[in-house]
Structure formats: C-alpha cells, structure tokens
Amino acid sequence: MNDRLYIFDTTLRDGEQSPGASMTKEEKLRIARQLEKLGVDVIEAGFAAASPGDADAIRTIAESICESTVCSLARANERDIRAAGEAIKPAKSGRIHTFIATSPIHMEKKLRMQPDQVVEAAIKAVKLAREYTDNVEFSAEDAVRSDIDFLCRIFGEVIKAGAKTINVPDTVGYSIPALWGERMKQLIERVPNSDKVIWSTHCHNDLGMAVANSLAAVMAGARQVECTINGLGERAGNASLEEIVMAVRTRKDVFSCDSRIDTTQIVPASKLVSSITGYPVQPNKAIVGANAFAHESGIHQDGVIKHRETYEIMRAEDVGWKANRLTLGKLSGRNAFKTKLAELGIVMESEEALNAAFARFKELADKKREIFDEDLQALVSDEGYAAEHERFKLVSLKVCSETGEVPHARLVITDEGQEQPAQGDGSGPVDATFKALESVVNSGADLLLYSVNNITSGTDSQGEVTVRLAKDGRIVNGQGADTDIVVASAKAYLHALNKLHTKLERAHPQV
Ligand code: KIV
Ligand code: ZN
C-alpha cells in the first residue's frame with residue numbers, strides 16, 4: 001500500500017552500537033515490548049552472529065512479540081544468515097536483514113572484494129535467507145558513497161533473488177536532503193521490478209541531517225524508514241523515530257503516507273530507552289525533550305493561553321506527555337504492584353524477583369509518597385542490576401559534606417560476598433565516594449561520563465545517575481537510581497564495574 005509508511009526500529013541493534021549502550025536480554029525484552037505497544041512494524045532485535053547471547057536475546061524477543069515483525073541483522077555470509085535464521089525462527093513474523101558494502105572505499109579497503117564478487121555474495125545471501133523466511137531485506141552499506149549504476153545493478157539482482165525490502169543507507173551521515181531524495185527517486189525509477197519491493201532509507205546523523213534526509217527519501221517514494229528511539233546510535237546517532245513519525249503525522253498536507261504508530265507511547269518509549277541505556281535526552285530535543293512543550297517567554301505563554309495553536313503545532317498529550325500520573329502509593333499492595341508492572345510490560349522472572357522488587361518499592365514509598373511509572377521502571381532496572389552482576393554490591397555509605405571542610409566518604413561494599421570497608425576524600429561528596437570505591441576495587445578505569453537526571457519532578461524525586469567507564473578499549477555505562485543521589489552515584493559506579501568484569505566477546509557487524 002502506497003500510503004502506509006513502515007517504521008523499522010533499530011534501537012536494539014544500531015542503537016546498541018552506541019558506546020556503553022549494550023543491554024542485557026531482559027532490558028532488550030522490556031524495550032521490545034514497549035516498541036510493540038508503540039506499534040512499530042519491524043523491531044531489529046540485534047545481530048545474531050555477534051555472540052550466542054545476542055542470538056538468545058533475539059530468540060527470546062521473537063518468542064514474546066506478536067504484533068511486530070522481529071528481525072535480525074546478518075552480513076552477507078552463510079554463518080551470519082544461518083545464525084539470524086535460527087534466532088528469528090520462533091517469531092510469528094520474522095525477517096532477515098542482510099547487507100554488504102557497495103562503495104568503492106568499503107569494497108576495496110574493508111571487504112577486499114571486487115564489485116562482481118560483492119554482487120555474487122549479495123545474491124547468495126538473499127537466496128540463503130529466503131530458505132528461512134519470505135521476508136528478506138537487503139541493504140547496500142555506504143550507499144551514499146556508492147556508484148548509482150552499481151547500486152542499480154546489485155539491487156536489481158537481489159530483487160530477482162527474492163529480497164522484498166531494499167534499504168538505502170547513508171551509513172556515514174554524509175548526504176543532504178535534496179541529494180538523498182534524488183538518489184531514492186533515481187533508484188526507484190531505474191531498478192527493474194522496483195514496484196515489487198518496499199524501498200527503505202537508513203540515515204545517520206553525522207551532519208545533523210538524518211531526519212531531514214529520511215523525510216526527503218519518503219517524499220521520493222521510500223515507504224520504510226529505519227530509525228531509533230531518541231535518535232540513539234553510533235557516533236551522532238540514527239534518524240530519530242519520534243521526529244520522523246511526528247513530522248509525517250503533523251504535515252499530512254505534505255506527506256502522502258502515514259505510519260500506524262500510537263504516538264501516545266512515544267514519551268514512555270523515550271524514557272525507557274534513556275533509562276536503560278544511560279543516554280539522557282537533551283531538554284531541547286524535539287518531541288521528547290523536557291522543554292519540547294514548555295513555553296518560557298511571556299509572549300508565547302500568553303498566546304498559548306489565548307489559543308493553543310498560536311505556538312503549538314502538536315499537543316503534548318498526543319505524544320505521551322501527561323501530567324505525572326500517580327501510579328502507586330505507600331498503601332498499595334503486592335497485587336496492585338504486580339498489575340502495574342504488567343501494564344508497563346514488565347514481567348518478573350520469578351516470585352522471588354517480584355518479592356524483592358516489591359520490598360524495594362515499599363522502601364521507596366516510605367521515602368517518596370508518590371510513585372510514578374518512571375520510578376517503577378528505574379526500580380526494576382536497579383533490581384535487575386543487583387541480581388545479575390553480583391561481584392560488587394553496596395552495603396552502606398556515609399558521606400560528610402560541610403562548608404569549609406573536605407568532603408569525606410566512608411562505605412562498605414561486598415566483593416564476591418566478602419565485606420570490604422573503604423574511605424576517601426574528594427572535591428565533593430560524589431568524588432569522595434568514587435575515590436573510596438576505587439581505593440578498594442582498584443579498577444584503574446577511566447571515568448568518561450558522569451550525569452544525574454531526576455526521574456520525575458520535585459526534590460523528593462529519585463536521581464538517576466549514569467557513569468561511563470572505559471578500560472582496555474571497552475566502554476560500559478552503569479546506572480543507579482535512588483532518592484539520595486550520592487547513593488545512586490555509588491550504585492551506578494558499581495554497576496559499571498560489574499559490567500567491566502563480565503567478559504563479553506561480541507562481533508561488530510560493520511567492522
Ligand atoms: O548504517 C548502516 O549502513 C547500517 C547497515 C548495517 C544497514 O547500519
Ligand atoms: Zn546504521
């Protein structure tokens with residue numbers, strides 16, 4: 001159908017390629033459930049050949065998701081395609097997305113293959129993928145710097161071999177809208193049987209034009225857009241799902257198509273992805289930034305009060321901003337808690353995990369009278385970290401911070417169950433806490449990022465802290481949440497250390 005725009009979300013694959021954003025199977029599943037609620041057509045759940053753990057996460061998502069197609073990425077080789085095919089097997093609707101680079105620089109320097117060999121590999125890959133599913137997508141990596149005649153040739157061949165979606169990526173974020181639209185138009189006009197496939201675009205944001213380029217491709221006839229929540233992705237990120245969806249929906253006068261996205265699920269999806277990956281959303285980010293619907297200047301406020309549409313082109317509630325809805329309180333029981341988790345798409349692995357989370361909820365409700373959806377998401381994440389990566393755990397923390405005095409932290413952690421006391425001074429309470437932690441763990445890791453965000457509004461809100469550490473070429477993000485931001489900071493630091501201690505052998509699809 002020409003008026004349907006398919007949304008292909010790659011938060012769990014391209015988004016996960018952002019430094020430190022790697023997610024556990026449970027975290028991926030939580031995001032996949034939210035993407036399903038959002039109504040995305042295709043969830044790219046990962047790259048199965050990266051590791052057995054990645055394949056397992058895709059399989060679990062394929063087993064659990066009914067309303068969206070579940071897809072695995074695969075390079076154009078037999079091993080990758082078989083891994084992808086096996087991983088998506090349980091899906092009600094599964095897709096294999098295979099790709100190979102087509103630009104002279106990638107073919108010569110990365111693949112060390114001749115163009116004829118690249119075409120041959122692409123045809124073979126698509127044919128093999130078709131043995132697993134009818135739903136095969138082919139991408140020409142670095143299409144932006146590829147020769148258009150070569151693209152026409154390879155696309156024509158993979159369509160003959162059975163590809164149903166043809167994706168044109170701007171892998172390095174190099175294009176500009178007029179050129180990208182023109183490229184898509186040329187391809188649709190010149191490739192034989194182009195009307196038998198869905199044309200797709202996949203744009204990176206290195207020059208800040210991923211969304212504009214994607215929309216130009218849609219205007220030229222593309223009917224699938226590959227994008228991520230919050231524009232998460234390698235380097236400057238991918239095209240942002242929320243911006244594409246809202247641009248197309250808001251400018252119906254310009255676009256002759258629309259998606260089936262339930263836009264009221266956009267903000268919850270944004271918050272979930274931000275909280276799980278530790279990538280905060282900038283306040284002035286379109287659609288999902290905290291200021292996106294805030295009117296600061298008196299003139300604007302006056303206009304909005306008199307007539308909303310003077311300055312608002314979208315309604316905050318239509319994208320899922322709502323006045324923080326009270327979710328649960330101190331007196332809520334275990335059943336209400338369980339029901340609310342289910343509503344949020346959170347399934348606890350066991351009764352034991354549910355009991356532990358409920359105990360944490362009661363503790364939190366003692367400190368903070370009103371508990372919102374975001375608090376529950378953070379609480380479940382925190383519980384998950386504590387359960388999964390157990391080497392270091394925070395037992396207690398005392399910090400003295402007084403005007404004119406050097407801040408001092410005294411703490412106890414467990415290392416493989418053994419209690420270890422430590423203390424340290426610092427320029428502030430967080431610095432003192434991190435120094436105390438390092439004095440006992442001696443990780444030698446570099447602190448690349450420290451950020452604090454309040455989960456909801458108000459000074460009794462939980463602070464959500466992200467700590468990014470780097471060691472031996474590995475980058476990890478740790479998160480922690482607590483009403484006390486120094487405690488949240490210590491938890492985040494330990495979470496990152498625990499991740500560093502978890503061995504992870506994974507292949508990167510594009511290296
Ligand atoms: O950016 C890119 O080219 C990709 C492909 C694997 C589709 O992510
Ligand atoms: Zn990409």
Side-chain angles (χ1 to χ4, degrees), residues 6-19 21-22 42-50 54 58 69 71-77 80-81 83-84 87 95-107 109-111 118 121-122 125-126 129 135-146 150-151 154-155 158 163-175 180 183-184 187 197-211 213-214 217 222 224-241 244 506-511:
Y6 292 91
I7 299 296
F8 176 114
D9 179 279
T10 182
T11 306
L12 299 177
R13 198 277 299 170
D14 223 337
E16 205 206 13
Q17 290 173 208
S18 314
S22 69
V42 185
I43 298 173
E44 187 163 54
F47 168 47
D54 286 76
I58 297 169
T69 295
C71 168
S72 170
L73 185 68
R75 289 167 297 197
N77 66 54
D80 276 26
I81 292 187
R95 173 181 295 188
I96 297 176
H97 172 196
T98 186
F99 77 100
I100 193 162
T102 50
S103 62
I105 183 170
H106 274 235
M107 290 192 287
K109 306 280 182 214
K110 182 177 92 167
L111 300 176
V118 168
V126 170
N135 194 342
V136 174
E137 169 172 337
F138 174 79
S139 285
E141 190 190 13
D142 204 19
V144 67
R145 293 184 292 175
S146 302
F150 184 60
L151 282 179
I154 197 164
F155 287 152
V158 295
K164 292 285 184 262
T165 302
I166 299 295
N167 183 38
V168 190
D170 179 1
T171 304
V172 288
Y174 182 66
S175 202
W180 200 238
R183 178 150 284 225
M184 184 57 76
L187 288 168
V197 294
I198 299 215
W199 287 87
S200 168
T201 188
H202 173 117
C203 297
H204 281 266
N205 204 31
D206 299 66
L207 290 173
M209 285 186 277
V211 169
N213 288 336
S214 303
Q224 174 179 282
V225 176
E226 302 199 353
C227 44
T228 58
I229 303 289
N230 300 337
L232 189 71
E234 249 177 329
R235 306 184 309 277
N238 287 59
S240 129
L241 179 147
I244 293 194
R506 296 174 91 193
H508 186 297
Q510 288 164 278
V511 179

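Order of appearance sets the numbers: ligands from 1, and atoms from 1 within every ligand.
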| Counting distance only, does the side-chain N/O of S103 pair as donor-acceptor with the main-chain N or O of S146 below 3.5 Å? | no
| said: Just to be careful: counting only protein atoms that are N, O or S, how many fall under 2.8 Å of the Zn ion (ligand 2)? | reply: 3
| Going from SG on C227 to NE2 on H202, what distance comes out if it is rounded to the nearest 0.5 angstrom? | 10.0 Å
| Contacts of T171 that satisfy side-chain contact (heavy atoms from CB on, under 4.5 Å) - sequence neighbours left out | E141, D142, P169, Q510
| message | Is it the case that atom OH in Y174 sees more than 12 heavy atoms from other parts of the structure closer than 6.0 Å? | response | no
| Just checking, any donor-acceptor pair under 3.5 angstrom between side chains of H97 and E226? | no
| query | How many angstroms lie between CD1 in I96 and CG in N135, if you round to the nearest 0.5 Å? | reply | 9.5 Å
| request: Mind checking side-chain contact (heavy atoms from CB on, under 4.5 Å) for A83 and listing every partner two or more places apart, or none if nothing turns up? | output: A48, A49
| query | Does any N or O in the side chain of D170 come within less than 3.5 Å of the main-chain N or O of S175, such that one atom is a donor and the other an acceptor? | reply | yes
| note | Output for pair (L12 CG, S72 OG), nearest 0.5 Å, gives 11.5 Å
| Considering only heavy atoms, which protein residues lie less than 4.0 Å from any atom of ligand 1? | R13, D14, H97, F99, S139, E141, P169, T171, H202, H204, Q510
